[in-house]
Q: 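Below: one structure in structure tokens.
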Protein chains: 2
Amino acid sequence: MNIKTIASMAGVSVATVSKIINNYSDVGEETRQRVLRIMEETGYKPSSSAKTLATKKSNLIGVVFAGKLNSDLNHPIFVKVINAFKKQIGLLGYDLLFFSNETFFQSKEDYLARCRHFQVDGCIIIAGDIIEPSVVNLARSDIPCIGIDIEIDGVNSTYLMSDNANIAAKIVEHLYMRGYREIGLLGIERNSGVILIRETAFRESLKTFGLPIRPEWIIRSVDYARDSGYRAMKGLISSGSLPQAMFAVTDHLAFGVMQAMKEHHLRIPQDMALVGCDDIDACKYTVPPLTTVRQDTDKIGRLAALMLFDMINKQINPTAVMVESELIVRESC
Amino acid sequence: MNIKTIASMAGVSVATVSKIINNYSDVGEETRQRVLRIMEETGYKPSSSAKTLATKKSNLIGVVFAGKLNSDLNHPIFVKVINAFKKQIGLLGYDLLFFSNETFFQSKEDYLARCRHFQVDGCIIIAGDIIEPSVVNLARSDIPCIGIDIEIDGVNSTYLMSDNANIAAKIVEHLYMRGYREIGLLGIERNSGVILIRETAFRESLKTFGLPIRPEWIIRSVDYARDSGYRAMKGLISSGSLPQAMFAVTDHLAFGVMQAMKEHHLRIPQDMALVGCDDIDACKYTVPPLTTVRQDTDKIGRLAALMLFDMINKQINPTAVMVESELIVRESC
DNA sequence: ATGATTTACGAAAGCGATTTCGTAAAAAGT
DNA sequence: ACTTTTTACGAAATCGCTTTCGTAAATCAT
């Protein structure tokens, strides 16, 4: 069932059918109706590959998970962003192509080549632990790209993320208002991207409030796993000196802190207050429920779709956008 | 940069280049090397749409979320299955095409038409609350399909799910062994799919152990939300009679039970034991940590990829597979 | 050395759309 | 009534790749 069949069924040429499909004006009304009806009856849908071949537009958006650590569909925040993005971009007529990280391509990470291979119209790049050169290549190319939690620049790309500096500031302010003066941080060893922003803003906020920055209260986890947070916190506890409050740069890490505290029969928030970051589902189920900052994943995903659409179709290049987050006060501080 | 460019650069015909790309045997070794080198240097990758058009194979697998309720990337179990599936299918040379639920297609749910449009080589269908006619059409078509948590039959489709009957049996057995004799159930009102299997098996297991099935201990939530579980449990509590233990058919529902219990100052497991199902992340963070059954999402995803691959490439139609799950004993019973 | 077979390659016809450009018929202008 | 403009449509080239089939040259058998 192809365009030729439809054409001969309707007694017109393929050109006319094509014009009807693409809303050209130079086709008579009754012909249009007749062909439309036949297409409806036969359930005909034009082949996307033929269309793509002819037009060089695929109506496909590539989804790239940069890096390998902490960046795939298992990531609690990114999956929500993607989901919101998918909804909005679908409304705009696009479908999503998820690149597998392990295909037949020799240079597994040659995203640009893969984008060209599929002729995606645009890309959404999800932050990973590191920014591979291949991701930079992609961003610098002529393919419209929008980065999530990853600052990429290129002629045709921009990015979108939560205002992480503000997140850290909000947290410090909240702790300060609650009377905490000795505030520690549980960060990540290989500091980069949003985590780095959070830590930097954290330090600055402490300064703003005239609070001390004590190196022994700045601890680091080797990675994003709860268990690593747990181990880092064990170290701090055995050092003997606890701050009054602690900011864990992600919720999972905060859970690790909770575990360590519990094991040592230390109470939250009495012995040490705790605040996490991201507001993943589990936050409300812990004891105590975790005070944290909720990233507006819905807005991020939606905006990303809208911005990318504009980049593709209106050749306008939106500037980077920061999305506000919301402090969720629970009982951990 | 297309195959013609490569051909002229190498001083051969496009046919020869194509043969090299596709590992044909009738091409000389030195020619092969020369062309290969040029392809490498120029970073040439064949266009997928042209290839798809010519071969009618796209190396794309369609991802269909059937139904609208409780079935998208936000679903804690499905997202893990998809992630595992994506890894394995990637290894086999396929990428994933996520169909948006809201595109320009008139009949939004005409999955078969969309599969043909993109010429996907196969499909993975993720269970939803209801099985739409369009999903049935797809399954009945000539496109290889594999269903997750959804029993579909068609000439070219099969399915894969956890052994939900066994899950329920395991749970009842565990509760029995721990001495509980009065066991209730928190189910879903619109009973279908795996939830129905769980409930049916639950009832049968009670019978096997000679335990009573008391209708007042069988309660139902209107949907999958924690809050709905919470409300259902509130109803049970206010009725005055609690079973000794309760099986909530999903973890989220169990969390709702916990919330209701807490509000009424009832303790778990002392006043009533509780067991959930699925082992989502949050289970280990609740107080008490929730005893539950872990679905082997990794295995499900991996097997689904392997089976689908066989269906596509070896024309063999695997039989439906049940995957074993593991009881995770924590402190809620 | 001659015929048979194998090897290495290319010409050309698809695959299913889009799009430009040309043209007959109809409508409008005078 | 005749020219001009508009409307409605089609022929054919094109997009980038695959695949069949034909053939010249090289290799083999005798």
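Every chain is numbered from 1 and lettered A, B, ... according to where its sequence line falls, protein lines coming before strand lines.
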Q: Restricting to non-hydrogen atoms, name the atom on M161(A) and the atom on I150(A) that form the minimum distance, rounded to 0.1 Å.
A: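 Smallest interatomic distance, heavy atoms only, reads CE-N, 3.6 Å.
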Q: Return the value, rounded to whole Å, for the distance between atom NZ of K45(B) and atom P of dC17(D).
A: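 Taking NZ of K45(B) and P of dC17(D), I get 12 Å after rounding.
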Q: Measure from CG on N2(B) to P on dC15(D) and round the result to the nearest Å.
A: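 The distance from CG of N2(B) to P of dC15(D) comes to 8 Å, rounded to the nearest Å.
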Q: Find every protein N or O atom lying less than 3.5 Å from an N or O atom of nucleotides 25-28 of chain C, and list the pairs.
A:
none

Q: Between Q119(A) (CD) and dG16(D) (C1'), how many Å, whole number?
A: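 After rounding, the reported distance stands at 9 Å.
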Q: Please list, in numerical order, the residues of residues 15-25 of chain B that have a heavy atom closer than 4.0 Å to any atom of DNA chain D.
A: A15(B), S18(B), N22(B), Y24(B)
Q: Measure from the side-chain N and O atoms of D149(B) to the backbone N and O of V194(B), and report whether any donor-acceptor pair falls under 3.5 Å.
A: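 No.
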Q: What are the two closest non-hydrogen atoms of C115(A) and F99(A), and how far apart are they?
A: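 The answer is SG-CE1, 3.8 Å.
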Q: What side chain to side chain donor-acceptor pair (under 3.5 Å) pairs are there with at least one residue in residues 295-305 of chain A, not counting sequence neighbours?
A: S162(A)-Q295(A), D278(A)-Q295(A)
Q: Minimum heavy-atom separation for Y111(A) to E132(A), with atom names?
A: CE1-OE1, 3.4 Å
Q: For residues 27-39 of chain A, which residues have at least one heavy atom under 4.0 Å from DNA chain C?
A: none
Q: Could you check whether R34(A) pairs with E30(A) (Lys NZ or Arg NE/NH1/NH2 to Asp/Glu carboxylate O, under 4.0 Å)?
A: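 Between E30(A) and R34(A) there is no salt bridge, as every charged N stays at least 4.0 Å from the carboxylate O atoms.
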Q: Listed by chain and number, what are the side chain to side chain contact (heavy atoms under 4.5 Å, CB included) partners of S157(B), not counting sequence neighbours?
A: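 By the side chain to side chain contact (heavy atoms under 4.5 Å, CB included) rule, S157(B) matches A139(B), C145(B), I152(B).
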Q: Quick one, D310(B) with L306(B), criterion side chain to side chain contact (heavy atoms under 4.5 Å, CB included). Give me CA distance, side-chain angles, the key distance, then yes/no.
A: CA-CA 6 Å; D310(B) 282 349; L306(B) 261 14; 5.6 Å; no
Q: Near DNA chain C, counting only heavy atoms under 4.0 Å, which residues of residues 3-13 of chain B show up?
A: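 Close to the strand are G11(B), V12(B), S13(B).
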Q: How close do L97(A) and L60(B) get, heavy atom to heavy atom, and via which atoms?
A: CD1-CD1, 3.8 Å
Q: Using atom CG of L53(B) as one end and atom P of dT14(D) as the other, report the distance to the nearest whole Å.
A: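 Taking atom P of dT14(D) as the reference, CG of L53(B) is at 17 Å.
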Q: Look at the side chain of D121(B) and the backbone N and O of K57(B), then say whether any donor-acceptor pair between them is shorter than 3.5 Å.
A: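 No, the answer is negative, given that no donor and acceptor are paired below the 3.5 Å cut-off.
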Q: If you measure from CG on N74(A) to CD1 on I82(B), what distance do you get to the nearest 0.5 Å?
A: 11.5 Å
Q: Please give, in whole Å, the distance from dG16(D) P to R116(A) CZ?
A: 13 Å
Q: If I take atom NE2 in residue H117(A) and atom C1' in nucleotide dG16(D), what distance separates them, rounded to the nearest angstrom?
A: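 Going from H117(A) (NE2) to dG16(D) (C1'), I get 11 Å.
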Q: Would you compute the distance between atom CE of M307(A) and atom CD1 of I300(A) and round it to the nearest 0.5 angstrom?
A: 11.0 Å
Q: Using the ring of each side chain (for Trp, its six-membered ring), is Y94(A) parallel, tilted or perpendicular to F309(A), with breaks at 30° and 60°?
A: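 Because their plane-to-plane angle is over 60°, the rings of Y94(A) and F309(A) count as perpendicular.
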Q: On DNA chain D, check which nucleotide each of D26(A) and S47(B) is closest to and give me the residue with the more 5' one.
A: D26(A)
